[in-house]
Amino acid sequence: QLQLVESGGGLVQPGGSLRLSCAASRTIFFYVMGWYRQPPGKQRELVARVASGGSTYYLDSVKGRFTISRDNAKNTVYLQMDSLKPEDTAVYYCNGVRSVGSDYWGQGTQVTVSS
């Protein structure tokens, strides 16, 4: 059974940085990979995504602070998070789209931003 394994979450002070990683448990190609997050008491939202060709999308509130990248050879996607704010506190989920209607999810990793 294919799984997406996430790492890199944790506790950080405002203004700090974290780098999230997500790797597939087996060799597989995803047309699109991305990161979602779910703040406490709120709906899950798309944070960033990157297509196989390199095009990216970012949630407006993270533009200029977060950077998404992928290593297709390693089936891995990263999210570099800089200038973190308390509002970024959430459970972050990795997502990979295999084809239309066929996607996979990580189990989630907690990111907490507080002083």
### Query
Among side-chain atoms of S17 and D82, is any donor-acceptor pair under 3.5 angstrom?
yes
### Query
What's the spacing between Y36 OH and E45 CD if we round to 0.5 Å?
11.0 Å
### Task
With rounding to the nearest 0.5 Å, note down the distance linking SG in C94 to OH in Y78.
11.0 Å
### Task
Please list all pairs passing the side chain to side chain donor-acceptor pair (under 3.5 Å) test where one or both residues lie in residues 100-109, with sequence neighbours left out.
none
### Task
Kindly work out whether a path of hydrophobic side-chain contacts (I/L/V/M/F/W/Y, heavy atoms less than 4.5 Å apart) joins V97 to Y58.
no
### Task
Before accepting this row, confirm whether a basic side-chain N of the pair K85/D88 lies closer than 4.0 Å to the acidic partner's carboxylate O.
no
### Task
Output, in order, the C-alpha distance, side-chain angles, deciding distance and verdict of side-chain contact (heavy atoms from CB on, under 4.5 Å) for V50 and V32.
CA-CA 6 Å; V50 57; V32 178; over 6 Å; no
### Query
If only atom types and distance count, is the side chain of R65 paired as donor or acceptor with the main-chain N or O of Q80 below 3.5 Å?
no
### Minimum heavy-atom distance between V91 and G108, given as atom pair plus value
CG1-CA, 3.8 Å
### Query
Can you tell if the side chain of S52 reaches within under 4.5 Å of the side chain of R70, non-hydrogen atoms only?
yes
### Test item: P14 and P86 side chains (from C-beta on) under 4.5 Å apart, heavy atoms
yes
### Task
Is it possible for you to check whether R44 lies under 6.0 Å from the centre of the six-membered ring of Y93, through NZ or CZ, and within 45° of that ring's axis?
yes
### Message
We want to know whether T112 and Q110 form a side-chain donor-acceptor pair, criterion being a heavy-atom distance below 3.5 angstrom.
### Response
yes
#### Entry: Rounded distance (nearest 0.5 Å) linking atom OG1 of T56 with atom NZ of K63
9.5 Å
### Task
Provide the closest heavy-atom pair for M81 versus Y92 in the form atom of the first, atom of the second, distance.
SD-CE2, 3.9 Å
### Query
From N95 CG over to W35 CH2, what is the distance, rounded to the nearest 0.5 angstrom?
10.5 Å
### Query
In Å, rounded to the nearest 0.5 Å, how long is the span from CD1 of I28 to CG of L2?
4.5 Å
### Task
Report yes if the side chains of T67 and L79 come closer than 4.5 Å at any heavy-atom pair, otherwise no.
no
### Query
What are the two closest non-hydrogen atoms of F66 and R37, and how far apart are they?
CE2-NH1, 4.0 Å
### Task
Determine the minimum heavy-atom distance between V111 and L20, stating which atoms define it.
CG2-CD2, 4.1 Å
### Query
CG of L4 to OG of S25: how many Å apart, nearest 0.5 Å?
7.5 Å
### Message
Looking at every non-hydrogen atom in both residues, tell me the closest pair between V77 and M33 and how far apart they are.
### Response
CG1-CE, 3.7 Å
### Query
side-chain hydrogen bond (donor to acceptor under 3.5 Å, both in side chains) with R19: which residues, sequence neighbours excluded?
none
### Message
Distance alone, cut at 3.5 Å: any donor-acceptor contact between the side chains of R49 and Y57?
### Response
no
#### Entry: Taking every non-hydrogen atom, the tightest pair across A23 and T76
CB-OG1, 3.6 Å
